[in-house]
Amino acid sequence: MVATIPYRLKSCRNICCFWRQLVEEQQYPFQSIEEKWHAIWQQKKPARVTEDSDKPKYYCLVMFPYPSGSNLHMGHVRNYTIGDVIVRYKKMQGFNVLSPMGWDAFGLPAENAAIKNNIHPNEYTRTNIGVMTKQLLALDILYDWNRELATCDEEYYRWTQWIFLKFYERGLAYKKKHPVNWCETCHTVLANEQVIEGACWRCKELVVKKELDQWYLKITDYAERLLQDLDKLKQWPERVKTMQANWIGRSEGIEFKLKIDNTDQELSVFTTRIDTVFGITYMSIAPEHPLLKELLAGKPEAAKVKAFAEKVKMLSEIERASTEKPKEGIDTGLRLVNPVNGEKVPLYAADYVLMEYGTGAIMAVPAHDQRDFEFAKNHNLPIKVVIQPEGQILAANRMTEAYVEDGVQVNSGQFDGMKNREAMQKIAAWMEQEGIGKKVINYRLRDWLISRQRYWGCPIPMIYCDDCGILPVPEKELPVTLPLDIPYQPSGMLESARDFAETTCPKCGKKARRETDTMDTFIDSSWYYLRYASPRDQEHAFNPEAVKYWMPVDQYIGGIEHAILHLLYSRFFTKVLHDQGLLEFDEPFKALFTQGMVLKDGQVMSKSKGNTVSADYMVENYGIDTTRGFILFAAPPERELEWSDQGVEGIFRFLRRVWLLYERWIPLLTNTPNKIPDGLPEKDREIRRKLHQTIQRITVDLENDFKFNTAIAAMMELMNDLNTVKEPSPEEAAGRMSVMKEVCLNFAKLCAPFFPHLAEELWQQMGHTGTIFAAGWPKCDAAGAAEEKVTIVIQVNGKVRSRLETTPDMDKQKVEAKALADDRVRNLAEGRKPKKVIVIPNKLVNIVF
RNA sequence: GCGGAAGUGGCGAAAUUGGCAGACGCGCUAGAUUCAGGAUCUAGUGGGGGCAACCUCUUGGGGGUUCAAAUCCCCCCUUCCGCACCA
């Protein structure tokens with residue numbers, strides 16, 4: 001018995017009130033309404049769609065979740081609710097709406113749980129998918145569950161492998177030995193994008209460098225297009241585009257070589273400040289630069305430099321990258337020749353030079369680069385000024401910091417006296433002409449390291465044969481199945497699974513080994529949006545016709561945390577598949593919306609902080625519609641949402657008032673005709689005006705940036721007005737009833753995307769047999785919405801002093817005359833003539849004395 | 001350090017071709033109902049002043065443009081986010 005009573009009533013002190021309140025509560029029987037429609041939708045499956053060339057399509061996608069052991073949290077609910085409002089709205093507008101759901105199901109947490117609880121990652125994942133599916137179903141969000149997919153399904157990952165092979169064929173997947181980011185806790189390597197402030201993005205453990213032979217995807221080949229095409233993404237947040245642009249980090253400069261004295265070797269450097277090239281006083285090279293080892297072989301400096309390189313290697317990324325740390329370095333004893341002026345300068349191995357960027361060596365101009373300046377001061381290296389600020393003389397020995405601004409060239413040979421911006425172009429051209437240097441574009445973006453030394457992931461479909469080398473698994477042999485029935489161990493599971501690891505060479509038939517690393521899970525999620533178009537296709541990764549119909553995604557919704565990772569990778573995949581001729585478009589997501597986080601007590605909701613509100617609790621005690629309403633109303637969707645129990649109560653009250661409003665009016669409207677009679681009295685015209693203005697406002701709010709909060713506020717205003725509408729006297733009845741009927745029909749439709757259960761129930765109670773979602777989105781009747789009177793504010797010297805009621809669009813002279821005739825204005829005028837009168841039609845008059 | 005976004009009542013927030021600041025909700029106050037608490041309903045609710053009509057101040061701070069500024073410009077402060085020796 002007690003179990004069926006909503007929890008929110010249990011705070012009641014005694015059983016008497018208990019009952020009374022229960023009765024009152026049932027004035028809005030949300031539980032039975034929601035249960036009823038839940039059952040009907042479960043059976044009718046209104047989200048099921050197929051390609052239909054007669055209807056415009058709309059693909060609304062929410063970022064699919066990782067099936068973690070903890071329940072669905074409010075962040076998920078917010079994400080999916082936003083998507084659902086859009087889906088239902090677009091449906092009502094007549095679009096053929098695709099709204100799929102699936103599981104980003106490979107990944108490390110499954111293995112970590114296995115370590116902890118001794119459950120097989122597969123079992124763990126499947127169980128979680130079951131639990132979360134149940135929770136999602138309980139939310140009655142419109143998903144076409146026929147299209148459900150999980151990236152750990154063989155039927156999915158065989159195509160992930162197939163796509164990998166396409167990359168390999170195009171030369172976009174390759175293996176190289178290279179120092180990589182290694183996370184000891186996760187026992188695997190990480191891509192650059194997955195290292196945040198020197199630490200693993202998942203477990204926050206500091207990463208270390210390890211030299212390993214790994215698989216990479218050549219995303220750098222697409223750097224320019226990934227950057228350029230950001231311009232195509234008109235409906236993406238600027239913030240995300242900026243982050244991607246910064247990550248790609250394009251910079252234009254000059255690469256040139258310096259001869260190494262007494263050898264026939266040269267050292268390449270890259271600079272964006274070629275205007276300062278005459279100011280080189282020394283050169284710096286990354287201590288681990290391979291050329292260094294070669295050049296120093298047999299020299300006395302070799303040991304010292306090697307020791308320094310070792311020391312630098314021991315530093316963590318953070319320490320090495322810290323700008324606080326004094327810059328250290330060591331003279332290699334080598335001398336280089338500056339090709340522009342023939343000066344000989346020393347070469348230092350320095351810890352502030354990164355092997356990863358540019359050529360791993362730099363020209364050092366202490367006068368005009370802060371880092372070089374600091375290093376030069378520490379090592380007593382000369383400083384040579386080659387750019388003077390206009391109207392000022394810089395003295396090298398008195399400088400306290402580098403001068404990095406623009407100025408005029410000095411000590412720069414034939415370029416002296418030029419403005420440095422101009423000199424930059426001229427020096428570059430001259431160096432190209434002389435064959436000393438060339439223009440080069442550098443990117444910060446690195447190739448994507450995709451090997452993972454983990455079990456629960458998509459196997460990389462490659463084979464190693466002692467005789468034939470590295471070979472791809474033939475397409476017809478896909479999928480390379482991840483073996484499930486093998487002993488569980490913390491690392492090296494696939495390596496020690498002999499049935500898996502041992503195979504035969506597809507070329508020569510001899511014994512060979514399989515690749516036993518799996519792919520980064522971000523690969524799985526880089527193409528899932530394509531699979532949704534034809535999730536059961538046995539012949540293709542994605543059916544060309546289906547993809548042509550559904551793609552690109554019209555609206556993608558998710559968290560900002562994927563601004564670079566997932567979104568950049570997906571764009572890359574789409575471009576490669578486009579180049580492969582498999583897709584006609586080259587950007588996957590037309591519009592992106594990033595929702596804000598859900599907070600409680602100013603902090604992110606999390607289990608460890610113990611400040612979570614579960615979806616189950618909300619659904620049980622307040623209902624889905626109230627939960628949706630709160631999430632949508634409490635803050636604009638892109639902003640953070642602070643959870644408030646009282647705010648939830650507020651929405652609950654609103655929905656109950658809506659319900660009671662219909663309870664009152666529906667019985668009165670049964671025989672009312674739909675046609676609005678002519679010559680309505682003022683009050684009825686007013687009701688209609690409010691209705692049509694509300695339709696207009698909500699439509700605009702939904703079209704522009706999903707302003708759900710103000711849309712709901714508009715509904716509340718309408719409802720507040722309607723609550724003051726009285727039952728009509730007999731002579732008023734015909735007009736009032738038909739107006740109220742129009743109001744009730746349209747208000748229910750306005751509610752539908754936000755409060756689907758309530759709306760559907762009201763719709764049915766008004767005598768409809770079909771669903772409200774097929775009833776069309778209401779249209780604003782411009783004539784009905786038009787104001788009959790306007791209040792014009794009268795300002796005197798910019799301050800509101802009076803008001804004027806007029807008919808709309810009255811001409812300016814008339815308004816001015818009326819304003820000047822106003823009693824208060826005449827008082828304030830004190831007989832003076834106005835200096836100026838500004839009239840803004842339908843808004844305001846400002847009289848300046 | 002560089003780049004970006006933001007700062008409005010007690011709180012969440014509205015208002016942008018510059019035109020009534022604070023819509024809507026929460027909270028609070030008073031009244032109705034009730035033995036009482038809760039719930040519900042009605043009214044009020046930015047600050048200061050005034051019996052009142054009304055006056056006055058107010059959108060992080062300071063300046064400016066304008067008949068008119070939350071909105072545009074300049075300087076400063078704070079918060080959040082991203083990048084951070086990228087040559």
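We name chains A, B, ... by the order of the sequence lines, and we start the count at 1 in each one. If you're wondering where the values come from, they're calculated on a predicted model, not measured in any experiment.
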Selection residues 242-253 of chain A - residue pairs positive for salt bridge (Lys or Arg N to Asp or Glu O under 4.0 Å), sequence neighbours left out: A/Glu224-A/Arg250, A/Arg250-A/Glu252
Interatomic distance at P, B/C11 relative to B/G61, whole Å: 15 Å
Taken in chain and number order and not counting sequence neighbours, the residues that satisfy side-chain hydrogen bond (donor to acceptor under 3.5 Å, both in side chains) with A/Arg571 are A/Gln244, A/Glu587
Taking the six-membered ring for Trp, are A/Phe654 and A/Phe633 closer than 6.0 Å centroid to centroid? no
Integer angstrom distance from the P of B/C26 to that of B/C41: 10 Å
Measuring only the C1' atom in each nucleotide, how far is B/G46 from B/A14? A whole number of Å is fine. 15 Å
For the side chain of A/Lys327 and the base of B/C85, is some donor closer than 3.5 Å to an acceptor across the two? yes
Heavy atoms only, 4.0 Å cut-off, all strands: where does A/Asn846 land among base, sugar-phosphate and nothing? base
With a non-hydrogen cut-off below 4.0 angstrom, is A/Arg250 in contact with a base, only sugar-phosphate, or nothing? nothing
When the P atoms of B/G60 and B/G49 are considered, how many whole Å apart are they? 24 Å
Pair of N/O donor and acceptor under 3.5 Å linking B/C20 base with A/Arg803 side chain: yes
So what does A/Ser251 hit on the nucleic acid, given a heavy-atom distance under 4.0 Å: a base, only sugar-phosphate, or nothing? sugar-phosphate
Measure all distances between protein nitrogen or oxygen atoms and nitrogen or oxygen atoms of nucleotides 14-18 of chain B, and list the pairs falling under 3.5 Å.
from	atom 1	to	atom 2	distance (Å)
B/A14	OP1	A/Asn709	ND2	3.1
B/A14	OP2	A/Arg639	NH2	3.4

Expressed in whole Å, how much space separates the P atoms belonging to B/C73 and B/G18? 11 Å
Base, sugar-phosphate alone, or nothing: which one does A/Gln795 contact when heavy atoms must sit under 4.0 Å apart? base
With heavy atoms under 4.0 Å as the rule, sort A/Gly249 into base, sugar-phosphate or nothing. nothing
Students often get this wrong, so: under 4.0 angstrom with heavy atoms, is A/Ser644 touching a base, only sugar-phosphate, or nothing? nothing
Identify the stems formed by RNA chain B, where each pair is Watson-Crick or G-U wobble with both distances under 3.5 angstrom and a stem is at least 3 consecutive pairs. B:1-7 with B:77-83, B:10-12 with B:24-26, B:27-32 with B:40-45, B:46-49 with B:54-57, B:60-64 with B:72-76
B/U59 to B/G7 separation - C1' atoms, rounded to the nearest Å: 9 Å
Could I get a table of every N or O pair under 3.5 Å where one atom is in the protein and the other is in nucleotides 44-55 of chain B?
from	atom 1	to	atom 2	distance (Å)
B/C55	OP1	A/Arg801	NH1	2.7
B/C55	OP1	A/Arg824	NH2	2.8

Expressed as a whole number of Å, how far does the P atom of B/C20 sit from that of B/A70? 9 Å
Show me the pairs that pass salt bridge (Lys or Arg N to Asp or Glu O under 4.0 Å) and involve residues 630-648 of chain A, at least two apart or across chains. none
Mind checking if A/Glu642 touches a base, just sugar-phosphate, or nothing, with heavy atoms under 4.0 Å? nothing
Indicate, with a heavy-atom threshold strictly under 4.0 Å, whether A/Asn797 touches base, sugar-phosphate, or nothing. nothing
For atom C1', what is the distance between B/G22 and B/U71, given to the nearest Å? 15 Å
